[in-house]
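Here the structure is laid out as structure tokens; the discussion comes afterwards.
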Amino acid sequence: MTEAILLVGGKGTRLRPLTVNTPKPMVPAAGVPFLTHQLARARAAGVEHIVLATSYLAEVFEPHFGDGSDLGLSLEYVTEEEPLGTGGAIRNVASRLHSGPDEPVLIFNGDILTGLDIQALVSTHSSSVADVSLHLTRVEDPRAFGLVPTDATGRVTAFLEKPQTPEEIVTDQINAGAYVFKRSVIDSIPTGRPVSVERETFPELLSAGAHLQGMVDSTYWLDLGTPQAFVRGSADLVLGRAPSPAVPGRCGDRLVLPSARVAPDAKLTGGTVVGADAVVGEGARVTGSVLLAGAVVEPGALITDSLIGAGARIGARTVVSGAVIGDGARVGPDNELREGVRVWCDTTLPAGAVRFSSDQ
């Protein structure tokens, strides 16, 4: 199995303001664009040729990754002019594939951080002679996901959309967003209109008697669709909880890129990343957070489980916890920004403009 399709066209709406200037797969996690981790893991599993299905801010990808040779890959880029859904995006890039009709093609989403054994998924696909094989993972609360029950042999028996009652929860197995398709199945997806593999392609294949095989792999898995999840995923990469050969340094409590400047008495913990040319001032404490390129944290500031955008500045003694600060924003001294707060790109908050009372 030598080629794959990587779906990187989403707008990343839930991650705004991080994705105002940067497509979601290009937001840095553990010091490099998140997409770098996916490409590196695919290459480590033996994939050689990857077609990137792009859409939102499509012009960003190729200047960064080029032809993929730096990663030992052959990369191609196909831009979707109108939103086509997951199935439509897969079909839209089919002409760039080299595989024959019965050969396997790996397909994965650009916002999933996972420890999936890619080779095992491909082996499962081959040994079961499946038309499509799906990576399944188990979650404690499956209500926000589509359920995928399987029989004793792992063959998929149904696709159940987001159950709400206990009676509807017949399994804890969910679609984890990585697949192996027989090439001929890709060619059968309709062209020229939006198609969802989850809601249309998979159920129709099942109804037609196709063989859909599930492989449960319950290693690390995280959907990076929200700011909180993205920050956690980056921290887990730094801490070594999530596997990636692309982390630029040893796993540990923090990752400081070479051009960053950190005061000797500043404290960085919990998988914190300090990006290129970022600055952390005297006495500042940063825990489980991501500081993107050129961000400045002034003396005495306290940053926890947050993402500070490129070129943003956090004022002295300001507290930021569970928040997202957009690129170029300026948060003055003595502010207090708590869980869920998002400060838009290039916004300025004066000193002491946002405070929480002591009983909150």
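When reading the values below, keep in mind they use all heavy atoms of this one structure, side chains included, and skip hydrogens, waters and symmetry mates.
- Defined by atom type and a distance below 3.5 Å, a donor-acceptor pair is present between the side-chain atoms of Thr269 and Thr287.
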(request) Would you sort out whether Glu103 and Lys182 count as a salt bridge (charged side-chain N to carboxylate O under 4.0 Å, His left out), showing the intermediate values? (result) CA-CA 6 Å; Glu103 291 182 312; Lys182 186 185 290 186; over 6 Å; no

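- Counting heavy atoms from C-beta on, the side chains of Thr19 and Thr13 never come closer than 4.5 Å.
- The shortest side-chain heavy-atom distance between Ile107 and Leu7 falls under the 4.5 Å cut-off.
- Side-chain contacts under 4.5 Å among hydrophobic residues (ILVMFWY), followed directly or transitively, place Val20 together with Trp344.
- Judged as a ring pair (Phe, Tyr, Trp, His ring centres under 6.0 Å), not a single pair has a partner in residues 304-340 (not counting sequence neighbours).
- By the 4.5 Å side-chain criterion applied to Ile, Leu, Val, Met, Phe, Trp and Tyr, Val32 is assigned to no cluster and stands alone.
- Side-chain contact check for Ser289 and Ser306: no donor-acceptor pair (N or O, by modelled atom type) lies under 3.5 Å.
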(request) Under the side chain to side chain contact (heavy atoms under 4.5 Å, CB included) rule, what do His125 and Tyr179 come out as? Steps first, then yes or no, please. (result) CA-CA 9 Å; His125 179 79; Tyr179 320 110; over 6 Å; no

(request) Could you walk me through whether Ile186 and Ile5 pass the side chain to side chain contact (heavy atoms under 4.5 Å, CB included) test, one step at a time? (result) CA-CA 11 Å; Ile186 294 174; Ile5 298 170; 4.2 Å; yes

(request) Could you give me the CA-CA distance, side-chain angles and deciding distance for Gln173 and Thr137, then say whether side-chain hydrogen bond (donor to acceptor under 3.5 Å, both in side chains) is met? (result) CA-CA 5 Å; Gln173 296 174 179; Thr137 193; over 6 Å; no

What side-chain donor-acceptor pairs closer than 3.5 Å can you find for residues 61-72, not counting sequence neighbours?
from, atom 1, to, atom 2, distance (Å)
Asp67, OD1, Ser69, N, 2.9
Asp67, OD1, Ser69, OG, 2.8

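- If you run side-chain contact (heavy atoms from CB on, under 4.5 Å) between Ser74 and each of Glu48, His49, His98, Glu3, only His49 comes through.
- Judged by distance alone, the side chains of Glu339 and Ser321 do bring a donor and an acceptor atom under 3.5 Å apart.
- You'll find the side chain of Arg342 reaches within 4.5 Å of the side chain of Pro227, heavy atoms only.
- Every residue two or more places apart in sequence or in another chain that forms a salt bridge (Lys or Arg N to Asp or Glu O under 4.0 Å) with Arg96 is listed here: Glu76.
- Under the salt bridge (Lys or Arg N to Asp or Glu O under 4.0 Å) criterion, Asp187 pairs with Arg183, not counting sequence neighbours.
- Residues meeting the salt bridge (Lys or Arg N to Asp or Glu O under 4.0 Å) test with Arg330, sequence neighbours left out: none.
- Residues Val280 and Val286 have side chains in contact (heavy-atom distance under 4.5 Å, counting atoms from C-beta outward).
- Counting heavy atoms from C-beta on, the side chains of Glu336 and Arg338 come closer than 4.5 Å.
- Between Leu205 and Asp131 there is no side-chain heavy-atom pair separated by less than 4.5 Å.
- Contact of the Val180 side chain with the Val132 side chain is not registered, since no non-hydrogen atoms from C-beta on lie closer than 4.5 Å.
- Side-chain atoms of Thr171 and Thr150, non-hydrogen and from C-beta on, never get closer than 4.5 Å to each other.
- By the salt bridge (Lys or Arg N to Asp or Glu O under 4.0 Å) test, Asp172 pairs with Arg138, sequence neighbours left out.
- Side-chain atoms of Thr272 never come within 3.5 Å of backbone atoms of Leu268 as a donor-acceptor pair (strictly under, hydrogens ignored).
- Hydrophobic cluster membership of Val290, counting Ile, Leu, Val, Met, Phe, Trp and Tyr whose side-chain heavy atoms lie under 4.5 Å apart directly or via other members: Leu15, Leu18, Val27, Phe34, Leu113, Tyr220, Leu222, Leu224, Phe230, Val231, Leu237, Val238, Val247, Leu255, Leu257, Val273, Leu292, Leu307, Val324.
- Contacts of Val195 classified as side chain to side chain contact (heavy atoms under 4.5 Å, CB included), with partners at least two apart in sequence or in another chain: Ile189, Pro190, Arg193, Glu200, Thr201.
- Hydrophobic clustering (side-chain heavy atoms under 4.5 Å, transitive across Ile, Leu, Val, Met, Phe, Trp, Tyr) groups Val256 together with Val297.
- Annotation: ring pair (Phe, Tyr, Trp, His ring centres under 6.0 Å) contacts of Phe159 (sequence neighbours excluded): Phe202.
- No continuous path of hydrophobic side-chain contacts links Phe145 to Leu116 [ILVMFWY only; heavy atoms under 4.5 Å].
- Other residues sharing a hydrophobic cluster with Val279 under the 4.5 Å side-chain heavy-atom criterion for ILVMFWY residues are Val296.
- Here the straight-line distance linking atom CZ of Arg43 with atom CD1 of Ile118 works out to 11.5 Å at 0.5 Å rounding.
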